[in-house]
Chemist: 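Can you read through this structure? Questions will come right after.
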Protein chains: 2
Amino acid sequence: MKPKLTLKQIARELDVSVSTVSKALKDSTEIGEDTRQKIKAFAKLYNYKPNNIALSLKNRKTKTIGIIIPEIVHHFFTTVISGVEQVANEKGYNVIVCLSNNSFDKEVLNLEMLANGSTDGFILSLAKETMQKQDYHHLKEVINQGMPLVLFDRVIDDINCDKVIIDDGIGAKKAVQHLIDTGCKKIGIISTVDYVSVGKLRTEGYLNALEENNIKVDEDLILKIEDVEHSEKEIEEFLNHNKVDALFAVNEHFAVAAIKALNEHGMKVPKDVSVIGFTNGELSRRFIPSLTTVSQHGSKMGGEAARMLIERLESDEDKEAPYSTTIVETELIKRNSTRS
Amino acid sequence: MKPKLTLKQIARELDVSVSTVSKALKDSTEIGEDTRQKIKAFAKLYNYKPNNIALSLKNRKTKTIGIIIPEIVHHFFTTVISGVEQVANEKGYNVIVCLSNNSFDKEVLNLEMLANGSTDGFILSLAKETMQKQDYHHLKEVINQGMPLVLFDRVIDDINCDKVIIDDGIGAKKAVQHLIDTGCKKIGIISTVDYVSVGKLRTEGYLNALEENNIKVDEDLILKIEDVEHSEKEIEEFLNHNKVDALFAVNEHFAVAAIKALNEHGMKVPKDVSVIGFTNGELSRRFIPSLTTVSQHGSKMGGEAARMLIERLESDEDKEAPYSTTIVETELIKRNSTRS
DNA sequence: TTGTAAGCGTTATCAC
DNA sequence: GTGATAACGCTTACAA
């Protein structure tokens with residue numbers, strides 16, 4: 001149980017000063033060839049590694065980035081983490097992950113904790129509760145302190161920072177267009193309540209597609225689900241009252257729930273009803289029938305967010321670029337829940 | 001873009017010394033009531049928060065724990081993270097997540113990086129490559145340096161540390177017993193190659209159950225899959241050559257792949273063939289038919305691991321308890337892929 | 001070529 | 001009651 005080796009110990013051991021050791025290990029030309037060799041050999045032998053904490057304190061930067069997400073058991077968010085991780089590691093950054101569990105308070109707590117020296121910047125997707133409350137003081141605070149923040153997926157206009165989003169509207173529109181192209185006439189949408197920005201945008205894309213094809217919008221075919229827990233029941237109810245030949249769901253859970261409900265109503269997918277989901281997870285890929293979905297490329301988003309954050313972290317203070325929003329394109333993955 | 005407030009600034013502002021400020025904020029009785037109030041008011045007004053990095057350096061502890069997992073897109077691991085996160089946060093610890101992507105090198109790199117002051121201890125599940133190489137020097141190294149390590153799920157006996165595992169053998173046995181109880185006679189197993197410890201243990205449980213029920217083991221019914229990528233093909237092949245009335249799969253992917261293959265062979269699940277999976281993920285829950293599985297309670301494992309680690313971190317150096325292994329019980333979740 | 005000293009932000013010890 | 005000082009491990013002017 002030897003404690004970690006420090007410069008001081010090496011110095012004492014080799015009977016030189018701490019700064020000599022420090023310089024030698026950095027191959028400074030100030031230090032004579034022989035002492036340098038001696039020191040480096042010793043350091044290697046005893047496997048010296050500089051203490052990150054001390055470096056962080058000295059340099060006033062930690063080389064780690066914090067990512068705060070609403071929930072980790074959503075496949076989409078885990079792919080984002082992967083993306084962040086990969087890019088961050090490439091550039092020599094560490095990643096520290098915190099969960100807000102969709103709670104405003106926990107989001108604030110996590111942010112404060114990490115802001116007190118643990119990270120150089122943040123990548124964050126807003127908790128549902130935060131969007132409801134529309135209280136963003138904690139975000140403004142960290143930005144004010146000069147810590148860069150990149151918002152992704154669940155973002156809001158009020159905050160002045162870099163953002164990464166997907167083309168929700170366009171993606172939704174493409175999906176609905178595909179349904180129309182394959183002969184569907186009565187297309188329903190299963191969405192979320194409007195304060196979840198993505199739900200809103202995807203609904204807009206749906207409406208857009210209908211309009212462009214001169215299909216009259218039937219408000220009855222628009223289902224907005226408040227509570228994910230009871231989504232299955234609500235979808236049941238919806239199907240009891242409405243006849244559709246296609247359904248566009250704004251996430252994969254709703255899509256799967258819809259298929260189950262349809263099956264119970266004796267309707268076959270995709271023969272009687274086509275279904276498209278948003279979010280391309282395991283579930284979509286492996287479900288029977290496998291789901292046609294709008295793929296969000298989470299890891300691409302994560303990578304993009306990491307790139308933007310690091311860019312800002314490493315740019316000169318003075319020539320700060322204006323904030324920008326990166327839009328990651330979605331892709332329609334055609335599988336077996338739609339006709340061809 | 002004001003930089004963060006420090007003790008020094010408060011001191012200067014209020015014309016007292018740094019140590020006075022420090023003490024006042026800690027409600028030290030040494031400091032006079034009036035100055036204390038003044039300082040606290042000022043600190044609150046300007047929202048002073050101590051710098052974690054400085055504290056870490058001073059206290060030689062970071063109050064963060066590192067978790068290194070092979071892959072995050074596995075639902076099981078994300079539930080473990082959730083569990084760790086929850087317990088850690090309760091006890092005032094931060095969690096930093098790194099991925100080894102099942103690569104030995106990346107596991108070593110991550111461990112070294114975190115060991116250089118970033119964390120007080122580790123929770124880790126071994127990369128597949130590490131288990132193949134059987135090279136554990138990096139783990140022994142950190143233990144040697146006095147950093148506690150808790151291994152979970154994919155563990156090995158060689159390493160002297162706390163461990164959290166599930167009762168793989170017992171869980172598998174219960175599953176197979178359930179198949180037997182519901183009238184299955186020819187029970188196949190879809191497992192992994194033996195160096196993945198869990199695959200091995202689950203296979204043993206399977207064998208155990210058969211023996212206890214005096215069912216002769218048919219080696220042909222034991223499929224060991226090396227490469228997950230081609231699992232579907234291997235399972236296809238397996239079914240072409242063997243008639244079974246039940247399949248026990250050591251993870252949910254294999255179970256789902258098996259059901260697909262069975263469907264293609266015109267066999268109905270569970271009418272013709274019962275299927276049980278291991279790992280209780282989304283997929284199992286939402287698949288049609290929903291899968292009977294052995295649930296691993298990932299978040300419980302994570303919580304347990306965090307508890308063990310923190311226990312060790314906070315125990316007095318001298319009265320070190322011997323290392324222990326916690327076994328988290330599995331649970332058979334009966335759903336629709338087996339008969340009743 | 002090597003060493004000294006200051007400083008990153010904090011706390012603990014001791015002196016005033 | 002309050003403040004100076006040293007220390008955590010490291011880097012970097014600057015001095016020798």
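Lettering of chains follows the sequences in order, A, B, ..., and the numbering in each one begins at 1. Scope of the values below: all heavy atoms of this structure, side chains included, with no hydrogens, waters or symmetry mates.
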Chemist: Is there a donor on the side chain of B:Lys8 or the base of C:dG7 sitting less than 3.5 Å from an acceptor on the other?
Modeler: no

Chemist: In whole Å, what is the span from the CD1 atom of A:Ile39 to the P atom of C:dT1?
Modeler: 14 Å

Chemist: If only side-chain N and O atoms of A:Ser19 are considered, is one of them under 4.0 Å from the OP1 or OP2 phosphate oxygen of D:dT12?
Modeler: no

Chemist: Distance check needed: D:dC10 P versus A:Ile53 CD1, whole Å only.
Modeler: 12 Å

Chemist: Whole angstroms only, please: what is the CG-P distance between B:Leu7 and C:dA12?
Modeler: 12 Å

Chemist: Please determine if a side-chain N or O atom of B:Ser22 lies less than 4.0 Å away from the OP1 or OP2 oxygen of C:dT11.
Modeler: yes

Chemist: Measuring from the side chain of A:Lys23 (C-beta onward, heavy atoms only), which nucleotide among C:dT10, D:dG3, D:dC14 has the closest atom?
Modeler: D:dC14

Chemist: Establish, from distance only, whether the side-chain atoms of A:Asn47 and A:Lys49 form a donor-acceptor pair under 3.5 Å.
Modeler: yes

Chemist: Expressed in angstrom and rounded to an integer, what is the separation of A:Lys26 atom NZ from D:dG9 atom P?
Modeler: 17 Å

Chemist: Take the protein atom CZ of A:Arg12 and the nucleotide atom C1' of D:dG9, then report the distance between them rounded to whole Å.
Modeler: 13 Å

Chemist: Is it true that the side chains of A:Gln37 and A:Glu33 contain a donor and an acceptor less than 3.5 Å apart?
Modeler: yes

Chemist: Pick out which of B:Arg307, B:Lys63, B:Lys61 makes a salt bridge (charged side-chain N to carboxylate O under 4.0 Å, His left out) with B:Glu314.
Modeler: B:Lys63

Chemist: A:Ser17 side chain N/O closer than 4.0 Å to the phosphate oxygens (OP1, OP2) of C:dG3?
Modeler: yes

Chemist: Would you check if there is a donor-acceptor pair between the side chains of A:Thr20 and A:Ser17 at a distance under 3.5 Å?
Modeler: yes

Chemist: Between A:Glu30 and B:Arg36, who's closer to the 5' end of DNA chain D by nearest nucleotide?
Modeler: B:Arg36

Chemist: For B:Asn51 and A:Thr29, take the nucleotide of DNA chain C holding the closest heavy atom to each; which residue's nucleotide lies nearer the 5' end?
Modeler: A:Thr29

Chemist: Write down the atom of A:Asp105, the atom of A:Glu129, and the distance for their closest heavy-atom approach.
Modeler: N-OE2, 4.5 Å

Chemist: Take atom CG of A:Asn52 and atom P of D:dC8, then tell me their distance rounded to the nearest Å.
Modeler: 18 Å

Chemist: Under 4.0 Å between a side-chain N/O of A:Tyr48 and OP1 or OP2 of D:dG9, yes or no?
Modeler: no

Chemist: Do the side-chain N or O atoms of B:Thr35 get closer than 4.0 angstrom to the phosphate oxygens (OP1, OP2) of D:dT2?
Modeler: yes

Chemist: Output the single nucleotide from D:dG9, D:dG3, C:dG9 whose closest atom is nearest the side chain of A:Ala54.
Modeler: D:dG9

Chemist: Check the distance between C:dG7's P and A:Asn59's CG and give it to me in whole angstrom.
Modeler: 17 Å

Chemist: When you match B:Leu57 and B:Glu33 each to their closest nucleotide on DNA chain D, which lands nearer the 5' end?
Modeler: B:Glu33

Chemist: Select one nucleotide: of D:dG3, C:dG3, C:dT10, the one nearest the side-chain heavy atoms of B:Pro50.
Modeler: C:dT10

Chemist: Is there a donor N/O on one and an acceptor N/O on the other, under 3.5 Å, for the side chain of A:Lys4 and the base of D:dG9?
Modeler: no

Chemist: With the side chain of B:Ile31 defined as its heavy atoms from C-beta on, choose the nearest nucleotide among D:dT2, C:dT2, D:dC10.
Modeler: D:dT2

Chemist: With nearest nucleotides of DNA chain C determined for B:Leu5 and A:Val16 from heavy-atom distances, which residue corresponds to the more 5′ nucleotide?
Modeler: A:Val16

Chemist: Ignoring backbone atoms, establish whether A:Lys58 has a side-chain N or O less than 4.0 Å from OP1 or OP2 of C:dG7.
Modeler: no

Chemist: A side-chain contact here means heavy atoms from C-beta on lying under 4.5 Å apart; do B:Pro70 and B:Leu126 qualify?
Modeler: no

Chemist: Using atom CG of A:Asp15 as one end and atom P of C:dT1 as the other, report the distance to the nearest whole Å.
Modeler: 20 Å

Chemist: Out of C:dT11, C:dC8, C:dG9, which nucleotide sits closest to the side chain of B:Leu55?
Modeler: C:dT11

